[in-house]
Amino acid sequence: MDIDTPKHQGQRQHLIEVLRDKGILDENVLKAIGFVPRHAFLDSSFEQFAYRDAAFPIRAKQTISQPYTVAFQSQSLELKRGSKVLEIGTGSGYQSAILAELGFKVFSIERQKDLFDFSKTLLSKLGYNITQKFGDGFKGMPAFAPFDGIIVTAAAPSIPLDLISQLSENGSLIVPVGDQNNDQVMMRIKKSEFDGYSKEELGNFRFVPMLKDIESGDGF
Ligand code: SAH
């Protein structure tokens, strides 16, 4: 893993200002962006661009989300330290690290073995304590439910109902919904008292598609 240099730290401070200008106002999220060495999550050929506000290819034909998107989804949870958060689509592990820096108890699922192995090794090397599962994110992690927040980091064709059922009272699901050929709409589905749900649209984003029909790893 590449070491963190003053140059990287300076680039992260710059990235924080870029995100602030784009409307990320949660200071805890901005602080977390300032802590996590994003360059360690990228292939070495992209390392020099790690602190641009852009998505990049990672292994298994997937992408590491744009910092703005990671910050936006994290901020949209509106949760306090100590909350339980489930992420669908661990990918590089960058979003998981940001959630851990926010003081959340983090759970994350990835369906590609290659990325599951990569992110598991990297996150533990960086000292993050995250419960990771190799398997199908559509199913969530019922054994650890309920969650105060669930973030889906791939485009879902529709709102995943199994995930909704794993929300705690007042918990939110942040999920980009739509087909893969267009932008998706970021939805926030909040569970309220007496089994009611509220639904909000938070803006348009573009994600890689959530994939179905895999041989799942041995789940929890
Ligand atoms: N959060 C990641 C973004 C990764 S891109 C990061 O910070 O780098 C989306 C990820 O979702 C990919 O790694 C992809 O393999 C994964 N994915 C797609 N469908 C999935 C599913 N059904 N279950 C779990 N992960 C899935």
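Note that ligands are numbered from 1 as they come in the structure, with each ligand's atoms numbered from 1 the same way.
Close contacts between ligand 1 and Thr153 involve ligand atoms 1 (N), 2 (C), 3 (C), 5 (S), 9 (C) [criterion: under 4.0 Å to a heavy atom]. Heavy-atom proximity to Gly137, at under 4.0 Å, picks out these atoms of ligand 1: 21 (C), 22 (N), 23 (N), 24 (C). Ligand-side atoms of ligand 1 in range of Gln62: 12 (C), 13 (O), 14 (C), 15 (O), range being under 4.0 angstrom from any heavy atom. In summary, the atoms of ligand 1 found under 4.0 Å from a heavy atom of Phe138, numbered by their order in the structure, are 22 (N). When each atom of ligand 1 is checked for a heavy atom of Val208 under 4.0 Å away, the hits are 5 (S), 9 (C). Counting atoms of ligand 1 from 1 in the listed order, those under 4.0 Å from a heavy atom of Ser65 are 3 (C). The Thr63 neighbourhood of ligand 1 comprises atoms 3 (C), 4 (C), 5 (S), with distances under 4.0 Å to a heavy atom of that residue. The atoms of ligand 1 that sit less than 4.0 Å from any heavy atom of Ile109 are 24 (C), 25 (N).
Here the shortest heavy-atom distance to atom 20 (C) of ligand 1, taken over Gln73, Arg111, Glu110, belongs to Arg111. Between atom 8 (O) of ligand 1 and the options Ser92, Pro209, Ala60, Gly91, the minimum heavy-atom separation is to Ser92.
Counting heavy atoms closer than 4.0 Å to ligand 1, residue Gln112 contributes side-chain atoms (C-beta onward) but none from N, CA, C or O. Counting heavy atoms closer than 4.0 Å to ligand 1, residue Ile64 contributes atoms from both its backbone and its side chain.
When all heavy atoms of Asn181 and Arg206 are compared, the pair lying nearest together is O-NH2, 3.8 Å. Smallest separation of non-hydrogen atoms from Phe46 and Pro57: CZ-CG, 3.6 Å. Contact record, Gly135 with Ile109: O-CG2, 3.3 Å, taken as the closest heavy-atom pair. Heavy-atom minimum distance, Met141 versus Thr131: CE-O, 3.7 Å. The heavy-atom pair separating Ile33 from Tyr94 by the smallest distance is CD1-OH, 3.6 Å.
Salt bridge status for Glu27 with Arg20: present, with a side-chain N to carboxylate O gap under 4.0 Å. Salt-bridge annotation for Arg111 and Asp136: absent, with no side-chain N of the basic residue lying under 4.0 Å from a carboxylate O of the acidic one. Ion pair Arg59/Asp117 not flagged as a salt bridge, since none of the NZ, NE, NH1 or NH2 atoms sits closer than 4.0 Å to an Asp/Glu carboxylate oxygen.
Of the N or O atoms in Gly89, one or more lie within a sub-3.5 Å distance of an N or O in ligand 1. Any N or O atom pair closer than 3.5 Å counts here, and Leu211 shares at least one such pair with ligand 1.
Residue contacts with ligand 1 include Gly135, since one of its heavy atoms falls under 4.0 Å from the ligand. Look at Thr90 and you'll find a heavy atom under 4.0 Å from some atom of ligand 1.
The side-chain contact (heavy atoms from CB on, under 4.5 Å) search around Ala154 returns Met210, not counting sequence neighbours. Judged as a ring-ring contact (aromatic ring centres under 6.0 Å, His included), and not counting sequence neighbours, Phe49 has no contacts.
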